[in-house]
Amino acid sequence: MLIVKKFGGTSVGNRDRIFNVANRCIEDYKNGNDVVVVLSAMGKYTDVLIDMAKEINPNPPKREMDMILTTGEQQSVALMAMAMASMGVPAVSLNAYQVAMHTTSTYSNARVKRIDTERIRAELEQHKIVIVTGFQGVNKFDDYTTLGRGGSDTTAVALAAALHADKCEIYTDVDGVYTADPRKVPDARKLKNVTYDEMLELATLGAGVLHNRSVELAKKYGVRLVVRSSLNTNEGTVVREGSKMEKMIVSGVAADPDAARVAVIGLKDEPGIAFKLFNALAQQGINIDMILQSIGRHGKKDISFTCTDDDADLAKQIIDDLMEFEEIDVDKGVSKVSIVGAGMQTHPGVAAKMFEALFDANINIRMISTSEIRVTVLINEKNTDRAINAIHEKFNLGEE
Ligand code: ASP
Ligand code: MG
């Protein structure tokens, strides 16, 4: 079997953890498998490198930023190969350049385009464990790029797809994917399975376990993922295509406190207003999430939307400079709470049940948005933990 194993920063955070990971990889290797390991930078080392850069230049050139960030992963793969060598196991570390992991040109947020597999195959044929840097690539200018924070997951999935791996295991510091954040919801339960679509929604909603682009890629290439802990041998969660029968109506509830609501009151009620507003925001790279437009009255209408806390002030300023309206209000004290479940496409009443849970807890809903397999509400941030607990309870998510 060919197995791709990815370990996150905490899993390789110190000497003992590095040897722990080495042991787990060697076990698979000794059982006769080909093993490709993808690593993140040790602990919070990527943050350390960012701070280092900002001390020299608060606005560093993006190319140079990627140049420094790629050293984090290079450090961990080299140390891992040394650890394995000290245990008498042949291993080789490779960075994105040596593999040739080709990406788009965009520094700090590149996408994987193509991976050359010859070098990795050649090393595997010589019975080596191959340890590859996560998070990085090389663009058409032969410069290093990075895939965005948390991007090592995407490296692992891309490699698994390119190598037609039999297994892709993502090791992290939690046991798998839960029905809710176990730190916030005491009776949260680990899920045995989630579908790609559910995982994609959960990852995007800030469940934090997987880089969302890794799930997109896994879905596209049918790479079955296992998310599990590097610190114990518990089974973990399988991410795969769902079969119709076993689709959960609701699989989990997620919260994202990093949301702000911008309300623009008394805009002109005429064609092109929404276009003008959102086009200007898009051009400044501001990502918009929920959008609500009121019905027109006396030639006026209101538009509210959400964006990240960080973007809210800039959004307000752009709109201030751009259009005519009566009033604009920014509220950063809001959070998004969502339920996700592949089965809700075919079951009526799911949203109503969620709203009932919030009503029972006396929590006001400020905005609502939905997709086929998700319902999201915007609420006051201080109510977040109460809301996810109330919803978790209402849907009996703690019980199998
Ligand atoms: N080291 C990178 C980060 O901290 C990539 C990763 O860990 O996946 O974002
Ligand atoms: Mg991660």
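Every number for a ligand or one of its atoms is a count from 1 in the order of the listing.
Judged by the shortest distance from any of its heavy atoms, Gly151 lies inside the 4.0 Å radius around the atoms of ligand 1. At least one heavy atom of Gly150 sits closer than 4.0 Å to an atom of ligand 1. Close to ligand 1: Glu73, with a non-hydrogen atom less than 4.0 angstrom away.
Of the polar atoms of Lys6, none of the N or O atoms is found under 3.5 Å from an N or O of ligand 1, judged by distance alone. The shortest N/O to N/O separation between Asp153 and ligand 1 does not fall below 3.5 Å.
Residues His211 and Ser152 have side chains that never bring a donor and an acceptor to within less than 3.5 angstrom of each other.
Of all the listed residues (Ala41, Ser76, Gly72, Ser152), Ser152 holds the heavy atom that lies closest to atom 8 (O) of ligand 1.
Taking the six-membered ring for Trp and the full ring otherwise, the centers of Phe305 and Phe278 sit less than 6.0 Å from each other.
Atoms of ligand 1 found under 4.0 Å from any heavy atom of Arg149 (numbered from 1 in listed order, with element): 3 (C), 4 (O), 9 (O).
Salt bridge status for Lys220 with Glu216: absent, with no side-chain N to carboxylate O gap under 4.0 Å. Salt-bridge formation is detected for the pair Arg261/Asp329: a Lys NZ or Arg NE/NH1/NH2 atom is positioned less than 4.0 Å from an Asp or Glu carboxylate oxygen. Salt-bridge formation is detected for the pair Arg366/Asp331: a Lys NZ or Arg NE/NH1/NH2 atom is positioned less than 4.0 Å from an Asp or Glu carboxylate oxygen.
Judged by distance alone, the side chain of Asp256 and the main-chain N or O of Ser335 form no donor-acceptor pair under 3.5 Å.
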